[in-house]
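Okay, structure first, notes after.
Throughout, protein chains are lettered first and strands after them, A, B, ... in sequence-line order, and every chain is numbered starting at 1. Atoms considered below: every heavy atom in the structure, side chains included; atoms not considered: hydrogens, waters and symmetry mates.
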Amino acid sequence: MIVMVGLPARGKTYISKKLTRYLNWIGVPTQVFNLGQYRREAVKSYKNYEFFRPDNEEAMNIRRACALNALKDIANYFAKEQGQVAVFDATNTTRERRGVIISFAKEKGYKVFFIESICDDPEIIEANIMEVKVSSPDYENCDKEEALEDFLKRIECYKTTYVSLDDESDRHLSYIKIFNVGSRYLVNRVQDHIQSRIVYYLMNIHVTPRSIYLSRHGESELNLLGRIGGDSGLSSQGKKYASTLSEFIRDQAIKDLKVWTSHMKRTIQTAEALGVAYEQWKALNEIDAGVCEEMTYEEIQENYPEEFAMRDQDKYRYRYPKGESYEDLVHRLEPVIMELERQENVLVICHQAVMRCLLAYFLDKSADELPYLKCPLHTVLRLTPVAYGCKIEPFYLNIKAVNTHREKPVVSQRTFNSIADHQFQQLISMVYLFSRMWM
Amino acid sequence: MRGAGRSNSTDPDRTVCMTNCPTLIVTVGLPARGKTYISKKLTRYLNWIGVPTKEFNVGQYRRECVKIYKSFEFFRPDNEEGLKIRKQCASAALNDVRQYLTEEGGQVAVFDATNTTRERRETINRFAEQNGFKVFFVESVCEDPDVIAENIVQVKLGSPDYTHCNTEQAVEDFMKRIKCYENSYQPLDEVLDRELSFIKIIDVGRRYLVNQVQDHIQSRIVYYLMNIHITPRSIYLCRHGESELNVRGRIGGDSGLTARGKEFARCLGQFMHKQGISDLKVWTSQMKRTIQTAEALGVPYEQWKALNEIDAGVCEELMYEEIQQRYPLEFALRDQDKYRYRYPKGESYEDLVQRLEPVIMELERQENVLVICHQAVMRCLLAYFLDKTAEELPYLKCPLHSVLKLTPVAYGCKVERISLKVEAVNTHRERPENVNVHRTAEDALQTVPAHL
C-alpha cells in the first residue's frame with residue numbers, strides 16, 4: 001500500500017496518477033484510490049470550504065466513513081482483483097489517520113510505504129490550484145477567483161491539525177518525504193525492491209514544462225517491400241521526410257532540444273538530416289522478430305502459420321522464436337523512460353513497436369491496446385504534460401509513405417482452430433497409417 | 001558529441017550522455033563511517049558501467065608524506081604542524097584530481113577524506129568551480145557503536161598505520177583519533193547547505209537525505225548508494241551444466257544438458273544443500289540449460305531474460321572453425337577488441353554489461369544468491385565483483401562445473417573457487433597471438449579448445 005501524505009495542492013494526486021501509470025506500464029498491477037472521489041459520491045454537491053473545518057462533526061463522520069470504504073475497496077483489490085500495489089490518495093495529515101491505515105495494513109499483511117509531499121512555495125501552490133483544482137467537479141458553479149479563494153481556506157482547515165512524518169516518532173515507518181517538488185528528499189527504511197524502484201522513479205520526475213516529440217524513422221527500403229525488421233536505409237520518400245522533419249523542428253523553435261535515435265541505419269539517417277547532435281540508444285532498436293526478420297506477412301503465414309496465429313492471439317506477450325515480445329520491449333525501454341522523465345525537451349526517432357510502447361506509457365494504455373496503437377510513418381506526435389495527464393498533438397508532415405499498421409484480424413480464433421484442426425487431422429492420418437503398418 | 005553519427009562505433013556504447021562536465025564526488029564523515037568502503041565500491045560500479053572513475057584517498061597521501069605514523073596526536077586540532085601537512089596532502093590530492101579529470105580522460109573523481117569542516121568543503125567547492133567540475137557530497141553519519149567497532153576491526157587494524165601495534169592499542173588509538181575530529185565536525189545541513197548537491201547516508205542506509213540532484217550520473221549514484229548494504233552474505237556464481245552444443249564446440253544456441261551436465265546439476269544441488277544457507281535465492285536465465293540445471297536443485301528459482309548468454313548473431317550455433325571459414329574478418333576483429341566487438345546482428349560484451357546492470361543492482365539489494373548463468377555473462381558479473389578492466393573481462397576463466405563463492409570482506413571480495421569434480425569440456429578460448437585481419441586460419445584457430 002502506498003499512502004500519500006500532505007496538505008491539499010501539494011501534488012499528491014499528480015504523483016499518485018503518475019506513479020500508478022509507471023507501475024502498470026512496467027507490469028505491476030496498480031490502482032489509485034482517491035478519497036476525494038469517495039467524498040464526492042457521499043456528499044453529492046459541494047457547498048464550500050466549511051465542510052473541511054476541523055470542528056464540523058457531521059462532515060468528519062462522513063469523511064471517516066469514506067476512508068473506511070476506500071480501505072475496504074483496497075482490500076478487495078488485493079484479494080479478488082490480483083492487484084499488487086494500491087495508492088491511497090488522500091491528505092492523511094494526522095497521526096491518528098495514519099495509525100488507522102497502519103493497523104489496517106498490519107491486520108491484512110500489507111506493506112506500507114508513505115509518500116509525503118511538502119511545499120511552502122506559494123507560487124507553486126497557486127499554480128497547482130489553477131491547473132487542477134478550479135476545474136474540479138467541486139467548483140463547477142464558481143468562477144476562478146471564487147474557487148481559488150475557497151480552496152485556500154480549505155487548505156487552512158487542514159493546517160491546524162497537520163502533523164508531518166517525524167524523523168523520531170516515525171522512524172520505524174517506510175517513507176519518502178519530497179520537499180518543494182524535488183529539490184530535497186528524505187528516505188527512510190526502504191524495505192524491498194519495489195519500494196526502491198518507486199523511490200528512484202519519484203526522484204527522477206519533475207514538473208518543469210516541456211514537450212516530448214515521438215516519431216518513427218523515415219520510410220525505409222524494407223518498409224516499401226512490406227518486410228518487417230532488418231536494418232535498411234531510407235527510401236527516397238523517407239529522405240524527403242527527414243528533411244521535412246528538420247524544417248518542422250526548426251519551426252518549433254524548441255529550447256535545448258535533445259535528439260535520440262536507435263542504433264539502426266534508418267533512424268540514424270533520419271537524424272543526420274536534422275544537422276544537430278544526437279545520441280544513439282541500443283534500447284531504442286526495433287523489436288527483434290527473430291526467425292521472421294525481413295519477412296513479409298505473407299511469408300510468415302506461409303512458413304510459420306501457427307506462430308502467426310499465436311501472435312494475433314496475444315500480441316503483447318507473444319515472443320518471436322529467437323526474437324522478442326512487446327513485453328520484452330517494455331522491459332528494455334524502461335531506462336529510456338526513466339531518462340525521458342529526467343530530461344526536458346526531447347525528440348525520439350524510433351520504430352513502430354518501440355513507439356507504441358513509449359506512447360502506451362505516456363497515454364496510460366493497457367497491454368491489450370499497446371500493440372495496436374496507431375503510429376504511422378511520417379507523423380510526429382508531440383506530447384505535453386498537462387494537469388494529470390498528457391496532451392497529444394499529431395503532426396502529419398505530408399510526405400506520402402506506405403502503411404505498416406496491421407490491425408488485429410477478426411478471424412484469428414477461427415484460423416487457429418482450423419490450424420489445430422488441420423494438425424489433428426494429420427495426427428489421425430498418421431495413427432491410421434501406423435496402425436495399418438502393424439497389421 | 002558522443003555517439004553522433006557513428007554506426008560502427010569504437011566509442012563506448014553509452015546509452016545516455018553522461019554530461020560533458022566531470023563530476024567530483026566528495027565524501028564527508030568521521031573516521032570509521034565507511035567513507036572508503038563507499039568510495040571504492042562506487043568507483044568499482046561506475047567503472048564497470050563504463051564511466052571512467054578514480055578514487056583519491058587523502059589518508060594515502062598522508063602516509064606518503066609522513067612516513068611513520070606515531071599516534072593519534074598527529075590528528076589533534078591544536079597540532080599545527082600536523083594540520084599543515086594534512087592541508088598540503090589535501091591540495092596534492094586535489095591537484096591529482098584535476099589532472100585526472102582534465103588530462104587523463106577521467107569523468108568522475110572520488111575525493112575520499114573526512115572533509116568534516118565547512119571550511120574544507122568550501123575550499124573544495126571553489127576548486128571545483130575554478131575547474132568546471134560538478135560537486136556531489138556523500139556524507140556518512142553513524143552513531144551505532146557496534147557498527148563503528150566492526151569497521152575498525154575489519155579495516156583499520158590492518159592499516160599500514162597500525163602494523164606495529166597490537167589490536168587493543170590500535171583500537172584505543174583509533175578511538176582517540178575519532179575524538180580529534182568530533183569537536184570540529186560540521187555535518188551537512190539541510191538549511192545552511194541547501195544549495196549543495198549531496199546525499200546523507202544515516203546509520204548505514206536506514207535513512208537518506210538527498211538534496212539537489214543535478215544530473216543523470218548523480219541520480220544513478222544516489223540509486224546505487226541506496227541499494228547497497230553491508231549485511232554479511234555470499235553470492236554463488238556458476239554456469240549451467242555442460243550442454244549438447246558445448247561438447248560439439250558450438251557457441252550460443254539453446255540446447256539441453258548432456259549426461260555430465262545433469263550430473264553437475266545433481267552435485268550442485270548437494271553442494272548448495274551442504275552450504276546450509278537460509279533464504280537462498282536462485283536465479284537462472286531463460287535458456288534451457290540454466291533452467292534444467294536449476295530444476296535439479298528442487299527449490300524455487302527466478303528466470304531473468306537479462307541473464308541470457310551473449311547473442312552471437314550470425315555466428316549462433318557455429319563452431320569457431322566455421323566462424324573462421326565464413327567470417328574470417330569478423331573473427332579477427334573480435335580478437336582485436338573482444339570487449340567492444342559486436343557480432344553482426346548480435347551483441348558485444350559492452351552490450352552485455354549494460355543489460356546486466358539491473359541484475360547487479362538487484363544482487364546488491366539481495367543477500368544470499370546463487371546465479372546460474374553462462375560464460376560471457378558470468379565474466380561480466382565477475383568483473384564487477386573483482387574490479388576487472390574491460391580488457392581483462394572477456395578472458396576471465398569461468399570453466400564449466402565450477403562454482404565461485406564471493407564473500408564481501410573489508411574493501412573487496414573474497415573468492416573461493418569450488419570445482420564440483422564432474423568432467424566437462426573446456427570452452428575457454430584465449431586470445432591468439434596473431435589478431436591481424438590477414439592471418440592464416442591456423443593462426444586464428446590456435447587457441448580453440450578441443451571438442452567433438
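By the 4.0 Å N-to-carboxylate-O rule, B:D189 lies too far from B:R194 to be salt-bridged with it. Under the 4.0 Å criterion applied to side-chain N and carboxylate O atoms, A:E116 and A:R98 are not assigned as salt-bridge partners. Note on B:E330 versus B:R342: no salt bridge recorded, every NZ/NE/NH1/NH2 to OD/OE distance being 4.0 Å or above. Salt-bridge formation is not detected for the pair B:E317/B:R250: no Lys NZ or Arg NE/NH1/NH2 atom is positioned less than 4.0 Å from an Asp or Glu carboxylate oxygen.
Atom CG of A:D166 sits in a crowded spot, with more than 12 heavy atoms from other residues, nucleotides or ligands closer than 6.0 Å.
For A:Q191, the part sitting under 4.5 Å from any heavy atom of chain B is the backbone (N, CA, C, O) and nothing else. With a 4.5 Å cut-off on non-hydrogen atoms, A:V259 does not touch chain B at all. Only the side chain of B:Q286 comes within less than 4.5 Å of a heavy atom in chain A; its backbone stays farther off. When heavy atoms are compared at a cutoff of 4.5 Å, B:E362 approaches chain A solely by way of its side chain, counted from C-beta outward. Contacts between A:R332 and chain B at a heavy-atom distance below 4.5 Å are absent for every atom of the residue.
Residue-level contacts of residues 182-189 of chain A with chain B, in order of numbering, are A:S183, A:R184, A:Y185, A:L186, A:V187, A:N188, A:R189; threshold 4.5 Å between heavy atoms.
With hydrogens and angles ignored, the 3.5 Å screen pairs no side-chain donor or acceptor of B:S140 with any backbone N or O of B:G29. Between the side chain of B:R207 and the main chain of A:D167, a donor-acceptor pair closer than 3.5 Å is present.
Of the candidates A:Y316, A:Y326, A:Y361, A:W25 forms a ring-ring contact (aromatic ring centres under 6.0 Å, His included) with just one, namely A:Y361.
A pairwise comparison of heavy atoms in A:M264 and A:E286 identifies SD-N, 3.6 Å as the closest pair.
For the options A:V190, A:I176, A:D192, A:L284, heavy-atom pairs under 4.5 Å to chain B are most numerous at A:D192. The most heavy-atom pairs under 4.5 Å with chain A, out of B:R206, B:K345, B:E316, come from B:R206.
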